[in-house]
Protein chains: 2
Amino acid sequence: MNTIQDVAQHAGVSVSTVSNVLNGRTDRMRPETLARVQEAIASLQFRPNTLARHLKTGDTPLLGLLVPSIANPMYGYIAREVETYAQERYGLRVLIGNTYRDKDKEASFFDDLLAQGVRRVLVISSLADEQHLENAARRGMAVVSYDRRATAGADSVVDHVTPDNYEAARMATALLIEQGHKRVAFATMAGMTMSRSAKISGFMDAAVAAGIGQGAQMLEGGQPTEYGDSVVSEVGRLLGARIGRDPQRPTGIVAVNDLMALGLMAGLRDAGLRVPEDVSVVGIDGLFLAALSNPALATVVLPVPDMARAMVERVMDRSSRSPAGCREMVFAPTRVMPGGSVAPPPDAGNSLAQKPRTKGKAQ
Amino acid sequence: MNTIQDVAQHAGVSVSTVSNVLNGRTDRMRPETLARVQEAIASLQFRPNTLARHLKTGDTPLLGLLVPSIANPMYGYIAREVETYAQERYGLRVLIGNTYRDKDKEASFFDDLLAQGVRRVLVISSLADEQHLENAARRGMAVVSYDRRATAGADSVVDHVTPDNYEAARMATALLIEQGHKRVAFATMAGMTMSRSAKISGFMDAAVAAGIGQGAQMLEGGQPTEYGDSVVSEVGRLLGARIGRDPQRPTGIVAVNDLMALGLMAGLRDAGLRVPEDVSVVGIDGLFLAALSNPALATVVLPVPDMARAMVERVMDRSSRSPAGCREMVFAPTRVMPGGSVAPPPDAGNSLAQKPRTKGKAQ
DNA sequence: CTGAAAGCGCTAACAC
DNA sequence: GTGTTAGCGCTTTCAG
């Protein structure tokens, strides 16, 4: 690796002139000097050492991204949008970490970032308290949190970017209501997070507004020991099987997210129920996988690219400005993507138990 | 952020003593001195600045990971395994980059890594030539490539970790043959890569060995302009629709990967064909999504966790040893995961056109 | 055992 | 315009 010294020598100038070129202060020199330096840089294939630069400037072109599990397609999708935008727009590289929603892992990631001189981080967490985020922010980090609202009252130093979970769940529920469903349920995994409770509110309010509040129920799957990916769908699958055995089962289910919905459909199938003939299912997220399922999963599409951009913008903005003007940005769902997983309820208008069926085409 | 100076002052020792503590050279000092330093470190919440350290040692605890797109569930899965293992075993953090299989993006990622002082990188690429990898390796990087074989003849300085693609395709094909399929096809997207051609060979050899070589065909979908994620399944979907219109269509299809298979199933459905009654489909990868599809996708499971570990081990090994002992590690598929997407061909034993069906249970 | 000092590669005053 | 120089925080000889 060549150093700035080598370039200076090669060009017959001093290091500061080279540094000036590197930092765009080209007005301070003769065009021919500039040309000479550029030539030297090119011929030596010189790339300034970012670390040495950081040591001086206290800033490194890295962005931390904390996700529960990058194997979860939704987080993979977000991560791709974030990385692509951060790179194209700001030349930032992304340091990724899987937290499995573990507090120690999150804290340790923050420590490492600090030690690496990384001063910007995007966090997709759902840990009950944001204390460690606030701490990091106070230690000089620009922190943007995804899928959470600002903690009421606290003058948070953390920015928030989140989909409108309440509205998303409301829209999903409305889709079922439009089809005439009276007994609806919201399926989620054990353990409450801010986004889940917002979705539950949206679901409940929609049901109550439609006059079917008493027919609305909660279905809570197990508490996954390992979070974030296949496990979510596995919980859905188990839940689907359980629903199959329930004579009082709902005719329409809103899943907390698409993975849960996909698992649910598999579980319902295992239990001998058909989607959508026996039970309708709606997801939330808008993963490309929804369109591939059989039947295609109806889902509320979240504006992932927009939110990814917003997170990057916020974190850049924050790291330049001083710790003020902290904001919360809430993104409305893009749209409802219809799918074959939703149809009118069996025995339309009648909310009593369905008789088991044994034949017919599942498609 | 406190510095080593602060700690030294706080403990009433010199910086070098603190440095010795930091680097485990505790034998060089009195136990009480050590205790005092440790106390100072703790009370100041001191974390040594990794960058400054790197500037001296020339090594940074970062691992580069290049993937076509992290939104592709398979790469997300690999990335998660890599990150988790690299972190737990070696305390390495992972710098991720989406290349969209673009040569310039890849090269630029390498440049950045070099500038960041990152000397280890894992590459999932399929670019025709590995020249840029070799270059990076020669510039002092430890490079491990996934899903490729070593270039024959060239004394590569790059390590290779790859599933046995030939064998995986062979196993997938055998699954169809066992069920009595005579007209089989291999579905892939346009554009040849090393792993794809290995799979094609495995597919062809299996067909020929079973005496149905003349009934084996290639189905090539479009060339996606943007690689790596939903697009793969989209190509599969288009391909599925095309197959539906083909009177000479195969009764069994091996897909180049699970995403393609999932897209294929959706496309076949769109075309009014049923899986597996009209056409059987087998995937390769073993994504958790395969088990969720309807019918469940039969797939050849690849040993992702093992391969992820091997990549990390190799890249660590390589960065400690000198550029010698370059290796190629090939991993046999874990197993065939059966699924409802495979069944005997229609009109078993007869390879002529199928008559359309309208009833029957789709599993 | 402990401390002083010389850098690692780069930036940014401050001179010339 | 261009060069000199003092660090950024840490590691590591080399003296004491």
Side-chain angles (χ1 to χ4, degrees), chain A residues 1-38 40-41 44-62 111-119 139-140, chain B residues 1-38 40-41 44-62 111-119 139-140:
Chain A
M1 292 255 59
N2 284 312
T3 75
I4 199 173
Q5 316 269 3
D6 301 326
V7 177
Q9 192 175 350
H10 191 99
V13 298
S14 75
V15 290
S16 62
T17 301
V18 180
S19 175
N20 284 334
V21 173
L22 256 27
N23 294 284
R25 289 184 284 270
T26 53
D27 50 317
R28 302 195 189 173
M29 67 196 75
R30 231 172 318 195
E32 58 207 76
T33 309
L34 172 59
R36 213 139 29 89
V37 173
Q38 285 173 327
I41 290 178
L44 261 45
Q45 289 209 60
F46 170 76
R47 302 273 309 173
N49 182 321
T50 314
L51 276 67
R53 174 177 279 171
H54 161 76
L55 209 47
K56 267 317 253 192
T57 63
D59 193 27
T60 201
L62 256 28
D111 282 347
D112 274 20
L113 290 183
L114 246 5
Q116 296 279 347
V118 179
R119 297 158 68 94
R139 289 213 266 167
Chain B
M1 293 255 58
N2 284 310
T3 76
I4 199 173
Q5 316 268 5
D6 301 324
V7 178
Q9 192 175 349
H10 192 98
V13 298
S14 77
V15 292
S16 60
T17 300
V18 179
S19 175
N20 284 334
V21 172
L22 257 29
N23 293 285
R25 288 182 286 271
T26 53
D27 50 316
R28 300 194 190 174
M29 66 196 76
R30 232 172 316 197
E32 59 205 76
T33 310
L34 171 59
R36 211 140 31 87
V37 173
Q38 284 174 327
I41 291 179
L44 261 45
Q45 289 209 56
F46 170 74
R47 302 271 312 171
N49 182 321
T50 314
L51 276 67
R53 175 177 279 173
H54 161 77
L55 208 47
K56 273 312 260 191
T57 64
D59 192 27
T60 203
L62 255 29
D111 283 347
D112 273 20
L113 290 183
L114 247 4
Q116 296 280 346
V118 180
R119 297 159 68 95
R139 289 212 266 168

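Below, read A as the first sequence line, B as the second, and so on, with proteins coming before strands; counting in each chain starts at 1.
Using a 4.0 Å heavy-atom distance criterion, A:Thr33 is classed as a sugar-phosphate-only contact. Across all strands, A:Val18 comes closer than 4.0 Å to no nucleic acid atom at all (heavy-atom distances). Residue contacts for A:Ser16: at a heavy-atom cut-off of 4.0 Å it reaches a base atom on one of the strands shown.
The nearest pair of heavy atoms linking A:Val13 to A:Arg36 is CG1-NH1, 4.1 Å.
The side chain of A:Ser14 places an N or O atom within less than 4.0 Å of a non-bridging phosphate oxygen (OP1 or OP2) of D:dG3. Applying the 4.0 Å criterion to OP1 and OP2 of D:dT2, one finds that A:Arg30 has a side-chain N or O inside that range. Contact between the side-chain N/O atoms of B:Thr17 and the OP1/OP2 oxygens of C:dG3 is found at a separation under 4.0 Å. Distances shown here put every side-chain N or O of A:Arg53 at or beyond 4.0 Å from the OP1 or OP2 atom of C:dG9. For C:dT11, the OP1/OP2 oxygens have a side-chain nitrogen or oxygen of A:Asn23 closer than 4.0 Å.
If you take CG of A:Asn2 and P of C:dC8, they are 14 Å apart, rounded to a whole angstrom.
Looking at B:Thr57, its side chain does come within 3.5 Å of a backbone N or O of B:Arg53 through a donor-acceptor pair. In terms of modelled atom types and a separation under 3.5 Å, the side chain of A:Thr60 and the main chain of A:Leu62 share no donor-acceptor contact.
Side-chain contact between B:Gln45 and A:Asp111 is absent, with no heavy-atom pair separated by less than 4.5 Å.
For the helix from C:dC1-D:dG16 to C:dC16-D:dG1, the axis fitted to the five pairs at one end and the axis fitted to the five pairs at the other end meet at an angle of 50° (nearest 10 degrees).
Side-chain atoms of A:Lys56 come within donor-acceptor range of the base of D:dG7, with a qualifying N/O pair under 3.5 Å.
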